[in-house]
Amino acid sequence: MKEYNPHEIEPRWQKVWEETEQYKMEGDASKPKKYVLEMFPYPSGDPHMGHARNYSIGDVIARYNKMRGYDVLHPMGWDAFGLPAENAAIKHNGHPATWTYGNIETQRSVFKRMGLSYDWDRTVRTCDKEYYRWGQWIFLKMWEMGLVERRSNPVNWCESCHTVLANEQVTEGVCWRCGNPVERRELEQWYFKITDYAQELLDDLDKLEGWPERVKQMQANWIGRSEGAEVDFVLCDKDGNAPAEPTADDIITVFTTRADTLFGCSFFVLAPEYKGLKELVAGSEQEAAVLDLIAASEKVSAVERAQGDREKHGVFTGRYVVNPINGQKVPVWVADYVVADYGTGAVMAVPCGDQRDFEFARKYDLPIVPIILMEDEIAAMVEESGKTRDEVIAQFSAQTVDWAEAHAAEGTLVQSGKYTGMMGGKHSAGEEAIVADLEAAGTGRRKVEFRLRDWLISRQRYWGNPIPAIYCDDCGIVPVPYEDLPVELPMDLDITKGEQLADHKEFVECTCPKCGKPARRETDTMDTFTCSSWYYLRYCDPHNDQAPFDRELVNRYMPVDQYIGGIEHAILHLLYSRFFTKVLRDAGMLDFDEPFTNLLCQGMVKDENGETMSKSKGNVVSPVKMMDAYGADAVRTYILFMAPPDKDLDWNEAGLGGIYRFLNRVWRIVYDLMGQAGEETLYQPGSESQAAEAAKVLLRERHRVVGKATDDFERNNFNTAISAMMELANAAGDYLRKAAPAARDAELGRDVAETLVKLLSPMAAHMTEELWHTVLGHEDSVHEQAWPEFDPEKAKADEVELAVQINGKVKARITVAADAAEDAIIETALEAAANAIGDKTVVKKIVIPGRLVNIVVK
RNA sequence: GGGGGCGUGGCGGAAUUGGCAUACGCAGCGGACUUAAAAUCCGCCGCCGCAAGGCUUGUGGGUUCGAGUCCCACCGCCCCUACCA
């Protein structure tokens with residue numbers, strides 16, 4: 001018997017697989033397709049355990065499905081543009097491309113060493129011009145469709161990365177990449193109008209049955225649909241007089257989900273960034289104070305903004321607006337608790353019904369008029385006054401409150417004109433009635449707001465996909481014609497000297513495609529998330545030089561059947577990709593609505609103390625070092641065995657040794673089952689001869705385990721699938737120990753050996769291939785074999801042990817024939833539990849076949 | 001503040017539809033083999049108890065013949081999100 005030596009086996013088979021193009025996709029249209037995809041990596045350096053886990057999961061799913069008879073598409077590529085390459089280039093005095101392509105090669109060699117079954121011919125690298133030209137093409141297409149806009153807005157600026165960021169790339173006020181606080185700046189930037197798709201992006205979440213609930217919830221929260229109404233307030237002139245015939249310019253509109261509280265509006269608030277605010281106060285005595293507040297709020301960092309209970313600051317503008325519901329004039333304030341980019345940037349303040357307005361009113365001594373009462377308050381008033389409930393509500397006339405906080409919940413409206421007595425709250429009768437009346441009067445209308453903002457896609461960075469646009473003094477902003485693509489990223493630029501695209505004369509200077517006059521090229525590049533929003537489509541047709549992809553091919557392989565990646569992309573990449581898919585569908589380029597049918601978010605790999613691994617903590621476990629010690633098969637199998645794929649796991653090397661021992665045991669068992677173990681057989685002369693029984697158990701286990709493992713593979717429960725294989729190995733070991741080599745059943749031996757090897761082949765790809773050839777004597781690859789069949793009948797035992805419970809507590813055990821009648825089972829059970837029953841009366845007998853008998857006594 | 005999730009031995013975890021809690025593995029303990037060690041193989045291994053037996057899935061209650069699983073309250077931990085009107 002040869003010894004198990006992964007270090008010899010693994011490179012040898014990797015070479016064979018490469019030479020025979022083992023994992024090149026079949027493209028066999030007669031088979032059903034299966035697209036298995038792992039989120040492609042950023043080429044940041046050596047792969048870490050998170051990568052190893054992600055790609056082990058994907059590889060097992062791909063290999064399993066191939067054995068199940070699918071035409072499997074399983075590609076790999078690199079998300080290769082991005083800022084770290086620029087930082088590394090500066091640090092190492094080189095070029096971002098050198099660092100990027102070098103890291104890609106490093107990662108590729110590690111992935112090959114892991115034995116991952118990729119069709120390398122389909123590799124996509126987003127920094128290749130053969131790829132990014134089609135990103136530009138899609139940009140132009142979107143421009144044509146009216147989904148690209150360049151406009152001025154307050155944006156998130158990261159000084160450390162020296163670029164603007166999308167909303168999705170700022171969490172708790174800090175930049176997602178470098179962790180530095182972002183600033184607000186008013187800048188002109190490029191946007192994708194993702195908000196045009198907000199409703200569909202929300203609605204279609206319901207179609208994604210194969211997605212984790214929490215990811216869908218996170219996307220729904222991010223899209224943030226909110227139903228309410230717009231209400232028009234009329235601005236009074238500087239002397240506080242309402243215009244007799246207000247024009248559009250005199251109207252300030254607010255968005256509210258609580259139109260029912262309109263009677264409680266005692267002031268009005270604008271965001272500091274509110275457009276037209278400066279004109280509003282120009283020349284007034286309040287002007288200086290308002291400008292001070294604007295300046296102060298600009299300085300407040302986003303980190304501070306993100307902190308929960310911040311102190312609210314505001315000043316009176318000196319102006320008034322008229323409340324359309326009751327004609328009341330209320331003062332207009334400016335305050336930093338109103339955000340400019342949600343709703344209209346203006347709010348009606350109802351301090352009695354909104355905690356923020358309440359706090360603000362308390363601080364600045366503004367009126368808090370109670371217009372909503374809770375049921376317990378009404379009950380107390382009824383009790384105290386002796387009046388009826390209706391009288392209490394109708395006669396309520398307090399002008400201020402002694403509450404500790406606002407009444408934000410549902411309650412009864414008071415002091416609200418004809419709406420008094422109606423229920424108030426979101427979607428309440430009172431709200432419906434008031435909005436209906438506002439609509440009739442033309443001073444309000446139903447409105448749905450979304451929290452989702454348009455996607456800011458321009459970046460002031462070199463290492464990215466150039467935006468194909470040209471500035472012409474005469475023609476304005478002009479798209480680069482399709483036939484001029486790609487706009488190539490110049491490579492002769494020294495970013496170590498701080499050069500950016502704008503400094504590159506030959507790149508910037510161009511002619512206007514419309515009028516032919518000298519013009520300037522756009523020097524911003526696209527957010528790298530635009531590159532990763534469609535790469536999965538390109539894999540279907542990676543070498544196409546006529547189009548981003550062929551429609552037929554994409555329609556055949558898409559959508560991705562199983563997508564695997566980290567939860568950190570729950571919003572970012574997964575939302576953007578859904579958006580791109582819908583846009584390209586509307587462009588007529590594909591025929592489906594959603595890109596990813598099933599999504600698996602793998603858990604994080606942490607160190608043995610449950611801490612996240614990081615270079616600064618010095619607790620990083622290298623997959624390469626682990627493979628050096630135990631081989632790729634053991635590392636792959638172990639990482640799947642440790643925990644279900646979606647749970648975090650704490651790395652522990654001792655367990656890896658256990659898996660290595662398991663692979664070793666399988667190795668010896670296969671040799672032994674095939675009669676090739678010689679002296680090293682597990683047979684123990686002198687052990688009791690129960691060979692026949694062990695053979696029976698082994699046959700049963702062979703069928704039971706295939707059934708169990710198949711089910712587990714279908715549910716991505718790889719940890720329990722491996723447990724089941726261990727059980728089969730244990731049964732085989734028991735058989736081998738008890739049955740003398742000469743007396744063994746050769747047919748059973750080969751069946752079990754081949755079954756075990758096939759079951760294990762998606763994980764331990766090299767070892768099983770070696771056994772398949774050398775011990776089992778096959779010429780073809782184990783990875784080309786059909787998944788083993790099983791017979792549920794053969795998985796059944798002829799006798800079963802049942803627990804006998806008295807009132808739900810196990811008191812005895814009985815063994816009965818598997819097909820025993822219920823009466824017979826009860827009789828046996830009553831006998832076995834006679835002591836426990838004693839002189840009590842049996843009131844009920846419950847038999848759960850194959851499991852237990854419960855006898856209820858009194 | 002809002003939303004979501006989790007809590008099972010010394011450890012990772014299993015229990016798929018409400019049906020024998022702790023499968024499988026790690027660690028530990030004992031044994032075989034060995035001059036010895038490693039490797040391998042066998043056995044034990046939730047807690048209390050000498051035992052009979054009793055107890056046990058964060059805590060307390062409920063539904064049920066039967067609850068880790070369903071319902072209610074509480075405690076603890078984790079993740080996401082946030083002046084969103």
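Chain identifiers are assigned alphabetically (A, B, ...) following the order of the sequence lines, protein sequences preceding nucleic acid strands; residue numbering begins at 1 within each chain.
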Is A/R356 close enough to B/C84 that one of its side-chain N or O atoms is under 4.0 Å from OP1 or OP2 there? yes
Can a side chain N or O of A/R661 be found less than 4.0 Å away from OP1 or OP2 on B/G25? no
Using a 4.0 Å cut-off on protein heavy atoms (strictly under), produce a 5'-to-3' string for nucleotides 16-24 of chain B with B for base contact, S for backbone-only sugar-phosphate contact, and - for none. B--BBS-BB
Which atoms form the tightest heavy-atom contact between A/L759 and A/F713, and what is the distance? O-CZ, 4.0 Å
Ion pair check, A/K708 and A/D712, cut-off under 4.0 Å: yes
Does A/D648 come within less than 4.0 Å of A/K606, counting only side-chain N to carboxylate O? yes
With distance as the sole criterion, do the side chain of A/K312 and the base of B/C83 form a donor-acceptor contact below 3.5 Å? yes
Rounding to an integer number of Å, can you tell me how far A/M348 CE sits from B/C84 P? 15 Å
Fill in the dot-bracket string of RNA chain B, one character per base: . for unpaired, | for a pair to another strand, ( ) or [ ] for pairs within the strand, taking Watson-Crick or G-U pairs under 3.5 Å. (((((((..(((......[....))).(((((.......))))).(((....)))..(((((..]....))))))))))))....
Modelled atom types, side-chain donor and acceptor of [X] and [Y], under 3.5 Å:
X      : Y      : answer
A/T443 : A/D232 : no
A/R665 : A/N730 : yes
A/W222 : A/E168 : yes
A/E359 : A/Y337 : no

Where the side chain of A/K844 is defined as all heavy atoms beyond and including C-beta, which of B/C26, B/G3, B/C65 is the nearest nucleotide? B/C65
Consider the side chain of A/M218, meaning its heavy atoms from C-beta on, and name the nucleotide among B/C41, B/C80, B/A85 that approaches it most closely. B/C80
With A/Q219, the side-chain contact (heavy atoms from CB on, under 4.5 Å) member among A/L201, A/L205, A/L202: A/L205
Between B/A82 and B/A15, how far apart are the two C1' atoms, rounded to whole Å? 39 Å
